[in-house]
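This report concerns only the one structure given below.
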Number of protein chains: 2
Amino acid sequence: MENLKTKILSYTKIDDAVLESEMKNYRRIVLQKGETLLEPGHVATHMYYLEKGCISYHKEEEGEIKVLEFYTEDVYFTDLLSYVNQTLSKYYLKALEPCVVLAVDKKGLEKSFSNSHQLERFGRLSMQEAFTKLLSRVERMSIRSNEERYLRLVEKRPDLFQRVPNYLIASYLGITPVGLSKLRKRLSKV
Amino acid sequence: MENLKTKILSYTKIDDAVLESEMKNYRRIVLQKGETLLEPGHVATHMYYLEKGCISYHKEEEGEIKVLEFYTEDVYFTDLLSYVNQTLSKYYLKALEPCVVLAVDKKGLEKSFSNSHQLERFGRLSMQEAFTKLLSRVERMSIRSNEERYLRLVEKRPDLFQRVPNYLIASYLGITPVGLSKLRKRLSKV
DNA sequence: TCAATTTATTAAACCAGTTTAATGAATTTG
DNA sequence: CAAATTCATTAAACTGGTTTAATAAATTGA
């Protein structure tokens with residue numbers, strides 16, 4: 001749990017006793033490649049922390065996969081759309097590799113936030129960070145060209161190209177595998 | 001300040017005394033059409049609540065306007081990318097109409113969050129709501145076609161088409177005014 | 001290890017958007 | 001109110017993507 005503790009403490013100071021007791025709310029889940037944490041029609045009851053591996057957050061429509069996000073080591077994730085209001089999810093959370101995940105149940109987390117101002121603050125600050133990251137993503141999506149977004153992904157998350165199949169990366173970039181292939185060819189020619 | 005108080009209380013219970021005292025941190029700003037709250041190169045020092053009017057959150061690159069968001073009545077807004085780390089903004093926050101805004105300074109807000117667990121909780125929950133709204137936006141941007149996104153905007157925010165010039169809406173949708181014009185023509189013909 | 005399956009590339013026809021430029025409509029301002 | 005400016009539409013040529021289909025390469029598994 002050391003990485004998780006370090007992560008939490010990176011947001012705000014938390015008393016040792018509080019943090020240790022908070023750790024008891026998390027349980028470890030091991031996933032094989034292809035296993036899911038969440039499927040459409042189910043409710044996201046947990047918040048997750050990814051200790052090891054790679055998880056896709058995606059939708060499947062008419063046989064087509066639409067990737068919204070790839071999660072890799074040391075991030076919190078869940079389908080927040082379902083988690084917040086406990087509504088049925090439309091998404092998958094699926095292991096793209098063997099994964100180790102720490103899961104904390106929504107009720108437990110809410111109780112922690114109520115009981116501890118420090119943890120509530122951690123909750124606010126981590127949500128704020130998630131928001132600003134997503135905002136940067138929206139900026140890229142609305143302002144940058146496919147080419148710029150591809151090049152940025154190569155730069156910022158080169159590991160993804162090793163661990164994730166190409167057609168999922170294409171989906172994440174909002175183009176088809178054919179389009180991605182053409183884009184790459186065009187780039188390599190210049 | 002009634003709308004703002006109602007807004008805050010919609011997230012979580014807050015003691016009257018705490019809320020009343022919190023209101024003292026806000027000051028009212030009146031903007032004429034075209035005036036800005038923030039310009040590139042400046043730091044976002046305040047969080048804002050929009051009492052009345054319409055604000056664009058946009059960037060200007062090579063003479064081109066790229067709209068990231070339109071804010072209308074009863075929402076919180078700022079350039080969170082600049083606000084969080086107090087870095088220089090790359091964006092404008094500009095009044096598209098005469099506006100009335102309530103401004104609270106970052107230091108004051110942070111102090112409120114530190115002093116009151118209730119307000120900290122409000123901070124977390126409003127940030128969470130902002131995140132889930134933005135996530136829905138990312139979903140639409142990455143999954144839906146221009147046509148679908150246009151039709152959804154017409155349905156969900158019809159007021160924007162009355163109060164905002166067309167070319168800004170085109171920019172928000174990620175297309176050119178020419179493209180929007182063609183899209184509309186195509187739709188009207190079916 | 002070899003067969004089956006999945007994934008990546010290429011080609012060709014197509015299309016929804018772009019750019020540039022011109023015109024017309026609407027809004028702003030002296 | 002007229003003149004100036006800004007904004008919206010249209011046309012024409014172009015382009016970066018799409019779709020479909022075929023082939024090649026890589027991965028999986030019996």
Side-chain angles (χ1 to χ4, degrees), chain A residues 31-35 54 56 58 60-67 70 92 94-98 140-154 158 160-190, chain B residues 31-35 54 56 58 60-67 70 92 94-98 140-154 158 160-190:
Chain A
L31 295 170
Q32 292 188 288
K33 181 172 175 173
E35 281 192 282
C54 184
S56 67
H58 73 267
E60 296 186 12
E61 287 187 334
E62 300 140 32
E64 258 196 312
I65 294 183
K66 307 284 196 166
V67 176
F70 297 114
Y92 289 88
K94 189 182 231 167
L96 298 178
E97 304 173 353
R140 290 194 297 280
M141 291 174 85
S142 45
I143 296 181
R144 307 301 164 191
S145 65
N146 288 337
E147 189 173 310
E148 285 175 290
R149 297 204 323 276
Y150 168 76
L151 289 172
R152 190 189 176 280
L153 197 64
V154 168
L160 284 184
F161 293 84
Q162 306 311 315
R163 56 209 297 195
V164 166
N166 233 303
Y167 72 97
L168 290 182
I169 289 185
S171 166
Y172 177 73
L173 290 170
I175 58 180
T176 61
V178 177
L180 179 55
S181 199
K182 286 178 86 172
L183 191 159
R184 281 176 142 149
K185 196 171 191 182
R186 181 157 36 85
L187 284 174
S188 73
K189 268 204 277 239
V190 185
Chain B
L31 295 170
Q32 292 189 287
K33 180 171 176 175
E35 282 192 279
C54 183
S56 68
H58 74 266
E60 296 186 12
E61 288 187 336
E62 297 138 34
E64 257 196 313
I65 294 184
K66 307 282 196 168
V67 176
F70 297 113
Y92 288 89
K94 187 180 230 166
L96 299 177
E97 305 173 353
R140 289 194 297 280
M141 292 174 84
S142 46
I143 296 182
R144 308 300 164 191
S145 64
N146 287 338
E147 188 173 312
E148 285 175 290
R149 297 205 322 277
Y150 168 75
L151 289 171
R152 190 189 176 280
L153 196 65
V154 169
L160 284 185
F161 294 83
Q162 307 310 316
R163 58 209 296 194
V164 166
N166 234 303
Y167 73 97
L168 290 182
I169 289 185
S171 166
Y172 178 73
L173 290 170
I175 57 181
T176 60
V178 177
L180 178 54
S181 199
K182 286 178 86 172
L183 191 161
R184 280 176 142 149
K185 195 170 192 184
R186 179 157 38 84
L187 284 174
S188 73
K189 267 204 277 243
V190 185

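So you know, we letter chains A, B, ... as the sequences are listed, proteins then strands, and number each from 1. Since we're looking at a predicted model, the values are computed, not measured.
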Footprint string (nucleotides 22-30 of chain C, 5' to 3'): B base within contact, S backbone only, - free, heavy atoms under 4.0 Å | ------S--

Under 3.5 Å donor-acceptor pair, B:Lys182 side-chain atoms to C:dT18 base atoms = yes

How long is the line joining CG of A:Leu187 and P of C:dT9, in whole Å?
-> 13 Å

For DNA chain C, which residues in residues 165-178 of chain B have a heavy atom at a distance below 4.0 Å?
-> B:Ile175, B:Thr176, B:Val178

Nearest-Å distance for atom pair CD/P, residues A:Gln162 and D:dT27 | 11 Å

Mark yes or no for whether B:Arg144, through its side chain, and B:Arg149, through its backbone, hold a donor-acceptor pair below 3.5 Å.
-> no

Distance test, side-chain N/O of B:Arg186 to OP1/OP2 of C:dG17, below 4.0 Å = yes

Which whole-number value in Å describes the distance from A:Glu97 CD to D:dT28 P?
-> 12 Å

Rounding to a whole Å, what distance do you find between B:Leu180:CG and D:dT10:P?
-> 12 Å

What is the ring orientation for A:His58 with A:Tyr92, classed by angle as parallel under 30°, tilted 30 to 60°, or perpendicular over 60°?
-> parallel

When the distance from CZ of A:Arg144 to C1' of D:dG17 is rounded to whole Å, what number comes out?
-> 20 Å

Has B:Asn146 got a side-chain N or O lying under 4.0 Å from the OP1 or OP2 atom of C:dA16?
-> no

Atom-pair distance (CD1 on A:Ile65; P on C:dT6), nearest Å | 12 Å

Rounded distance in Å - CD1 (B:Ile143) to P (D:dT18) = 15 Å

Set of residues satisfying salt bridge (Lys or Arg N to Asp or Glu O under 4.0 Å) with respect to B:Arg140, sequence neighbours excluded = none

